[in-house]
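Each ligand, and each atom within it, is numbered from 1 in the order the structure gives.
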Amino acid sequence: MTIITLPGLIDVHTHLRVPGGEHKEDFASGTAAALGGGITMILGMPNTSPPLTTPTVLQSARTQAAADSFCDVGLFAGASPEHVEYLPALAPNAVALKIYLNDTFGPLRVEDVPTLRACFQNWPQDKLIAMHAEKQSVAVGIGLAATYNRPVHFCHISRREEIELIADAKMRGLPVTCEVTPHHLFLNQADAARLGPLGDMRPLLGTPDDVAALWEHINSTVDCIATDHAPHTLAEKHSATPPPGVAGLETSLALMLTAVNGRPTMPQAKLSLDRLIELMHSNPRRIFNLPEQPDTYIEVDMQPYTIQNDQLHSKCGWTPFAGMQVNGRVQRVYLRGDCVYEQGKIMTARGSGQLIP
Ligand code: DOR
Ligand code: ZN
Ligand code: ZN
């Protein structure tokens with residue numbers, strides 16, 4: 001048994017479903033899943049029901065997070081044309097602002113220039129703006145970063161054209177960063193056909209050439225690995241109108257360690273362990289300006305194992321990676337000196353996670 005020690009990981013893209021979707025995930029189940037995946041800090045997305053676009057909804061989600069969470073949690077505020085006037089009031093209680101430019105789960109969307117201008121003018125300069133932007137929307141985001149001379153973070157970049165455009169922007173010195181998900185690195189359109197609704201998410205799985213492009217940029221243009229943990233129940237996924245999204249908190253580290261290790265699914269190592277730590281800990285912390293978690297680390301067993309649905313803590317209870325052989329099972333998680341997770345079991349009380357900010 002080879003045990004390695006890593007810093008507590010940070011996931012800057014998690015869907016926790018509070019309020020309105022607690023049957024899919026809540027702060028207790030989602031933060032338990034995070035610990036199971038070696039993640040000690042998660043940033044929750046605002047496309048809840050109702051969304052986190054008003055101070056009242058954001059405040060009540062924060063109260064629930066403080067009461068229920070097993071790891072540290074920050075929440076995004078959501079941008080919407082109806083509620084732009086709330087942006088200054090939302091900012092002190094949010095880690096960043098999320099703008100949805102393209103179609104995805106839930107109604108949160110910004111499709112007009114006045115709202116985009118209001119976001120870039122009224123969201124505090126020292127807090128990040130993150131975007132769900134696909135295809136030419138990435139160019140819109142880069143244009144806004146240049147126009148207002150402020151950082152923009154691109155969520156779940158999945159296509160060659162997108163990662164190459166971001167590489168061009170970075171080369172010109174523009175303040176843009178991006179994340180890539182393990183599902184876009186390890187699955188493609190052929191898997192989407194095999195998996196049916198369980199392989200449906202936004203952005204859609206890419207072509208083999210899109211996937212190759214993401215790996216080509218893993219040691220340069222890509223700043224973070226983020227899970228985009230987007231749980232939906234199996235009943236919902238098998239319904240007539242399946243919602244897009246897949247779970248990711250409990251499989252991301254193992255998949256990425258498998259790429260470090262170079263086996264069994266990867267013909268050769270794609271990145272170093274130091275680079276994995278940058279992508280899953282140091283860069284997320286720096287880009288989102290997140291607090292340090294002292295004495296926080298994880299112990300991971302590098303023996304190969306098979307991902308299984310019945311070992312998940314997420315309420316959704318399934319993953320598109322079930323049956324896959326990977327390396328790296330989280331054995332223990334230490335948060336601020338305390339062992340909070342050990343071999344599948346949560347060892348701490350609800351509410352022991354801290355709220356950020
Ligand atoms: O597949 C997705 N599901 N993509 C998103 O952008 C949102 C997410 C969700 O909330 O389910
Ligand atoms: Zn998204
Ligand atoms: Zn998402």
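Within 4.0 Å of ligand 1, heavy atoms belong to protein residues His15, Arg17, Asn47, Thr104, Phe105, His132, His156, Met201, Arg202, Asp228, Ala230, His232, Pro244, Gly245.
Looking at heavy atoms from C-beta onward, Leu214 lies out of side-chain contact with Val222 at the 4.5 angstrom threshold. The shortest side-chain heavy-atom distance between Phe120 and Arg150 falls under the 4.5 Å cut-off.
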(Q) ring pair (Phe, Tyr, Trp, His ring centres under 6.0 Å), that's the test. Do His156 and His13 meet it? Break it down for me. (A) CA-CA 9 Å; His156 47 48; His13 193 144; 5.2 Å; yes
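Note that Lys98 lies in the cation-pi zone of Tyr100, set by a 6.0 Å cut-off to the ring centre and a 45° limit from the axis.
The atom of His13 that is an N, O or S and sits closest to the Zn ion (ligand 3) is NE2. His132 has its closest N, O or S atom to the Zn ion (ligand 2) at the position named ND1. Summary: OD1 is the N/O/S atom of Asp228 found nearest to the Zn ion (ligand 3).
Taking the six-membered ring where tryptophan is involved, the planes of Tyr334 and Tyr297 are essentially parallel, since the angle between them stays under 30° and well short of 60°.
Taking backbone and side chain together, Cys155 holds no N, O or S atom under 2.8 Å from the Zn ion (ligand 2). Inclusion of His156 in the first shell of the Zn ion (ligand 3) is not supported: no N, O or S atom falls under 2.8 Å.
Side-chain atoms of His83 and Thr54 include no donor-acceptor pair closer than 3.5 Å.
The backbone N or O of Lys270 lies less than 3.5 Å from a partner atom in the side chain of Asn219, making a donor-acceptor pair.
Taken from CG in Asp301 to CD in Gln331, the straight-line distance is 4.5 Å, to the nearest 0.5 Å.
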